[in-house]
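A short worksheet on the structure shown next.
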Amino acid sequence: LSVYGDSKLKGEEAVKNISKKHFIVRTSWLYGKHGKNFVDTILLKAKALQTLKVVDDQSGTPTYTKDLAKALHALLDKIFTPGGVQAADYGIYHVSNSGSVSWCDYAKEIISSAGLKVKVEPISSKELDAPANRPAMSVLDNSKFAGFTGYRMKGWKDALREYLITKVT
């Protein structure tokens, strides 16, 4: 749908062409201690505005970078365990916190979990008029990753609350 998405796809194809023995990890809606992210942006805007307008026709799964790091560690442990990898295990793995949410409901949960009182109004993607098209549904299925590693990602709400606690302390 966008140059960004196309470049990600081309990167994956390049990895596949270099070696049949590859692990590609896809993740989504990242937030964490470093870098700009949706959670921090919503918190800043909620302190400055009384009403936020947020897209509600796009759904996905927020992923806390701390949880992603733990999952990647589990993947590496499995890869480097003697006999841990069979030919069928190589490929693409989805890794995100579990569950799904729209951007609008995510913003509402951020505000509520942070104890703020700001109104969140749903808008359509067309109303937002963003420069890049985004998919309406970008929820990832972690079942292949969980089956291979035995590691299960926590729910996105629990991950969000953990992140917000680290911001307060």
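- In this structure, CG on L140 lies 15.0 Å from OH on Y93, to the nearest 0.5 angstrom.
- Using a distance-only test at 3.5 Å, with no hydrogens or angles considered, a donor-acceptor pair links the side chain of S102 to the main chain of D105.
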Mind running side chain to side chain contact (heavy atoms under 4.5 Å, CB included) on V118 and Q50 for me, showing each step along the way? CA-CA 5 Å; V118 175; Q50 293 182 351; 5.8 Å; no

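- Atom NE2 of H73 has 12 or fewer heavy atoms from other residues, nucleotides or ligands within 6.0 Å.
- In this structure, Y163 and Y31 have perpendicular ring planes: the angle between them is above 60°, well past the 30° mark.
- In this structure, S113 contributes its side chain and I110 its backbone to no donor-acceptor pair below 3.5 Å.
- Geometrically, K78 engages F148 in a cation-pi contact defined by less than 6.0 Å to the ring centre and at most 45° from the axis.
- Remark: the backbone N or O of P135 is not paired with any side-chain donor or acceptor of S138 at under 3.5 angstrom.
- The number of heavy atoms from other shown groups lying within 6.0 Å of NZ (K144) is above 12.
- With contacts defined as side-chain heavy-atom distances shorter than 4.5 Å, the pair V139/V101 does not qualify.
- N37 contributes a side-chain N or O that, together with a main-chain N or O of D40, makes up a donor-acceptor pair within less than 3.5 Å.
- Using a 4.5 Å heavy-atom cutoff, the side chains of R152 and N142 are not in contact.
- You'll find the side chain of L72 reaches within 4.5 Å of the side chain of V25, heavy atoms only.
- Across all their heavy atoms, E109 and L160 have their closest contact at CG-CD2, 3.9 Å.
- Note on E12 versus K10: no salt bridge recorded, every NZ/NE/NH1/NH2 to OD/OE distance being 4.0 Å or above.
- For the pair K70/M153, no side-chain contact is recorded, criterion being any heavy-atom separation below 4.5 Å from C-beta on.
- A distance-only check finds a donor-acceptor pair linking the side chain of T27 to the backbone of V95 [under 3.5 Å].
- One finds no salt bridge joining K126 and D57 here, because no Lys/Arg side-chain nitrogen approaches an Asp/Glu carboxylate oxygen to under 4.0 Å.
- Between the D158 side chain and the G155 main chain, no donor and acceptor come within less than 3.5 Å of each other.
- Annotation: K8, atom NZ; neighbour count of heavy atoms from other residues, nucleotides and ligands within 6.0 Å does not exceed 12.
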